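Down below is the structure, laid out as structure tokens.
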Amino acid sequence: MQTSSKTTATAMPLILSAPRRGRLSARALPLLLALGVLGLGLVPLIGSPFYLQLFSKIMIMAIFALSLDLLVGYTGLVSLGHSAYFGLAGYAVALLSPQYEAASLLTTLPLAMLASGLLALVIGLLVLRTSGIYFIMVTLAFAQMLYFLFHDTKLGGGSDGLYLYVKPELRLGATQLLSLDDPAQFYYFIFGLMLAVYFILRMVLRSPFGHALLGIKANEHRMRSLGFHVFWYKLGAFVLAGMLAGLSGYLAACQFGFVSPEILSWHHSGNVLMMLLLGGMGSLYGAVIGAFSFVLLQEFFSSEVLFGSWARHWQLAMGTFIVLMVLLLPNGLAGLLRRFGRTAIGKEQQ
């Protein structure tokens, strides 16, 4: 009897401390993400111009990955033509900008996103009548049509592309509020937009519209039998994803000052799909992590300093790594972080 009471007394602190340990472990993942955001905010203060350009590029691709994750991870629509909206917005800012003076950010950015949204609306009205492999192939076909439109005609400079000599700026009267020619200002502009896109999508996915998209992904026939207009919900997600992809395409054109038909090719859509595989589909922060992982791994495997002449075959190493990731971590890096943080949430909807 004495032994039993001692055992109970020993076990009581462990039982009482279990909920506290659970709360602490549940906070581990948000804490890691907050530290990552803080680190990104400090890059212009402590990083070299190379890293400033690199992380700007990664955050642009993170916005692109977030837009596709809305379709693939939350609606169940796997698209191989998502680069069409990215590329169209890039061409839009190049065509709308004067050759030797800065265009207005308040004019060109909404117009570029509107052009991508209208293209997504037109394509969506057609492709959303298909499903499965047919949907994948038709989205690919439309993107390739747009690719050859810009590649084989003089509309966008043909295969040579177009240059953006002066980047857009934001002015209030005679006062310049924001210049995308300034690397630090451009970095923080992209940083703010990436966070805005993340939280906007988070709110959308927590709304009745977002819950309907999750229901469509889980069982489209049941949602239809419950009276939901499935086609219009999918079209709304398709157009929103297209506009956000246009935002990333606009920013990419401003960063590099150049657009070419290559940004419309299916390889570009394939790259962003691999970002989602790395980060984890159906997780917004997973899309961001996937973009960072993909671009940094690309830089790592293509480094001649580390691999010498083997760096020319970086695609082979990259492909092998992604295959291993899919086999060993089917939920991507986001799933690994959730496991590490031991979150008590049954189904991640962030």
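Small disclaimer: the values here were computed from a predicted structure and weren't measured.
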Margin query: Can you pull out every side chain to side chain donor-acceptor pair (under 3.5 Å) where at least one residue sits in residues 109-130? Sequence neighbours excluded, please.
Written below: none
Note to self: Go through it in stages, so that I can follow the logic: the residues are Ile123 and Phe238, the test is side chain to side chain contact (heavy atoms under 4.5 Å, CB included), and I'd like the CA-CA distance, side-chain angles, deciding distance and then a yes or no.
What the structure shows: CA-CA 9 Å; Ile123 294 177; Phe238 201 85; 4.2 Å; yes
Next item on the list: Would you check if Ile216 and Lys234 make a side-chain contact, meaning some heavy-atom pair closer than 4.5 Å?
Entry: yes
Note to self: I need the Met61 CE to Phe292 CZ distance, nearest 0.5 Å.
What the structure shows: 12.0 Å
Margin query: For a side chain to side chain contact (heavy atoms under 4.5 Å, CB included) check, start with the C-alpha distance between Phe64 and Leu68, then their side-chain angles and the critical distance, and finish with the verdict.
Written below: CA-CA 7 Å; Phe64 193 25; Leu68 184 60; 5.8 Å; no
Check: How would you list all residue pairs meeting salt bridge (charged side-chain N to carboxylate O under 4.0 Å, His left out) that involve residues 161-180, not counting sequence neighbours?
Finding: Glu169-Arg171
Notebook entry, point to check: Can you name the nearest heavy-atom pair linking Phe231 to Leu125, along with the distance?
Noted result: CZ-O, 3.9 Å
Item checked: Leu118 side chain near Val122 side chain, heavy-atom distance below 4.5 Å -> no
Check: Is it true that atom CD of Glu299 has more than 12 heavy atoms of other residues, nucleotides or ligands lying nearer than 6.0 Å?
Finding: yes
Margin query: Starting from Ile322, can I reach Leu316 by hopping between I/L/V/M/F/W/Y residues whose side chains sit under 4.5 Å apart?
Written below: no
Check: Just by modelled atom types, is the Leu77 backbone N or O under 3.5 Å from a matching donor or acceptor in the Thr75 side chain?
Finding: no
Margin query: Is it the case that the side chain of Ser265 and the backbone of Glu262 share a donor-acceptor pair, with hydrogens and angles ignored and the cut-off at 3.5 Å?
Written below: yes
Notebook entry, point to check: Can you find a pair of side-chain heavy atoms, one from Met318 and one from Leu297, that are under 4.5 Å apart?
Noted result: yes
Item checked: Shortest non-hydrogen contact from Phe86 toward His268 -> CE2-NE2, 3.3 Å
Item checked: Qualifying residues under side-chain hydrogen bond (donor to acceptor under 3.5 Å, both in side chains), relative to Gln298, sequence neighbours excluded -> none
Margin query: To check you understand the geometry: which heavy-atom pair defines the closest contact between Leu273 and Ser79, and what is its length?
Written below: CD1-O, 3.9 Å
Item checked: Distance in Å, Thr139 OG1 paired with Leu71 CG, rounded so as to fall on 0.5 Å steps -> 9.5 Å
Margin query: Counting only heavy atoms not in Tyr134 (residues, nucleotides, ligands), do more than 12 fall under 6.0 Å from its OH?
Written below: no
Next item on the list: Using the ring-ring contact (aromatic ring centres under 6.0 Å, His included) rule, pick out the option among Trp314, Phe321, Phe307 that qualifies with Phe300.
Entry: Phe307
Check: Is there side-chain contact between Phe189 and Leu105, with heavy atoms separated by less than 4.5 Å?
Finding: yes
Item checked: Contact list for residues 242-251, test side chain to side chain donor-acceptor pair (under 3.5 Å), sequence neighbours left out -> Thr108-Tyr250
Item checked: Closest heavy-atom pair and its distance - Leu52, Pro183 -> CD2-CB, 3.6 Å
Next item on the list: Kindly write out the residues that satisfy salt bridge (Lys or Arg N to Asp or Glu O under 4.0 Å) with Arg224, not counting sequence neighbours, or none if the list is empty.
Entry: Glu220
Next item on the list: Looking only at non-hydrogen atoms, find the nearest pair between Trp266 and Leu140 and report the distance.
Entry: CB-CD1, 3.3 Å
Next item on the list: Answer with yes or no whether the hydrophobic clustering places Leu264 together with Tyr163; edges join I, L, V, M, F, W, Y residues whose side-chain heavy atoms lie under 4.5 Å apart.
Entry: no
Next item on the list: Give, for atom OH of Tyr165 and atom CG of Asp181, the distance between the pair rounded to the nearest 0.5 Å.
Entry: 14.5 Å
Notebook entry, point to check: Is any side-chain heavy atom of Leu201 less than 4.5 Å from a side-chain heavy atom of Leu244?
Noted result: yes
Note to self: For Gln53, give me all partners under side-chain hydrogen bond (donor to acceptor under 3.5 Å, both in side chains), at least two apart in sequence or on another chain.
What the structure shows: Gln255
Margin query: Set out, in order, the CA-CA distance, both residues' side-chain angles and the distance that settles side chain to side chain contact (heavy atoms under 4.5 Å, CB included) for Leu247 and Val197, then state yes or no.
Written below: CA-CA 10 Å; Leu247 171 62; Val197 168; 3.8 Å; yes
Next item on the list: Would you indicate whether His313, at its atom NE2, is surrounded by more than 12 heavy atoms from other residues, nucleotides or ligands within a distance under 6.0 Å?
Entry: yes
Margin query: Do Leu109 and Leu114 land in one hydrophobic cluster if side-chain heavy atoms of ILVMFWY residues count as linked below 4.5 Å?
Written below: no
Check: Quick one: does Tyr74's side chain have a donor or acceptor within less than 3.5 Å of a partner on Gly282's backbone?
Finding: yes
Checklist line | Separation of Leu278 CG from Leu296 CG (nearest 0.5 Å) | finding: 11.0 Å
Next item on the list: Give a yes or no on whether Ile136 and Leu128 share a hydrophobic cluster (residues Ile, Leu, Val, Met, Phe, Trp, Tyr; joining criterion: side-chain heavy atoms under 4.5 Å apart).
Entry: yes
Item checked: Side-chain (Tyr51) to main-chain (Ile46) donor-acceptor, under 3.5 angstrom -> no
Check: Is the side chain of Ser56 donor-acceptor paired with the backbone N or O of Tyr187 at a distance under 3.5 Å, no angle test?
Finding: no
Notebook entry, point to check: Do Leu42 and Met194 share a hydrophobic cluster (ILVMFWY, side-chain heavy atoms under 4.5 Å, transitive)?
Noted result: yes
Margin query: What I'd like to find out is whether the side chain of Val43 reaches to under 4.5 Å of the side chain of Phe191, using heavy atoms alone.
Written below: no
Notebook entry, point to check: Which pair of non-hydrogen atoms, one from Tyr285 and one from Tyr198, has the smallest distance, and what is that distance?
Noted result: N-CE1, 3.6 Å
Next item on the list: Could you grab the distance from atom CG of Leu70 to atom CD1 of Ile200, nearest 0.5 Å is fine?
Entry: 12.0 Å
Notebook entry, point to check: With side chains defined as the heavy atoms from C-beta onward, is the minimum distance between Leu66 and Leu284 less than 4.5 Å?
Noted result: yes
Next item on the list: State whether the side chain of Arg206 and the backbone N or O of Met203 hold a donor-acceptor pair below 3.5 Å, judged by distance alone.
Entry: no
Next item on the list: Quick one: pull up CG in Leu155 and CZ in Phe150 and give me the separation to the nearest 0.5 Å.
Entry: 5.0 Å
Notebook entry, point to check: Quick check: does any side chain N or O of Ser269 sit under 3.5 Å from a backbone N or O of Ser83, one acting as donor and the other as acceptor?
Noted result: yes
Next item on the list: Verify side chain to side chain contact (heavy atoms under 4.5 Å, CB included) between Ser97 and Val166, making sure each step is shown before the conclusion.
Entry: CA-CA 8 Å; Ser97 298; Val166 185; over 6 Å; no
Check: Do Asp182 and Phe186 touch side chain to side chain, with heavy atoms closer than 4.5 Å?
Finding: no
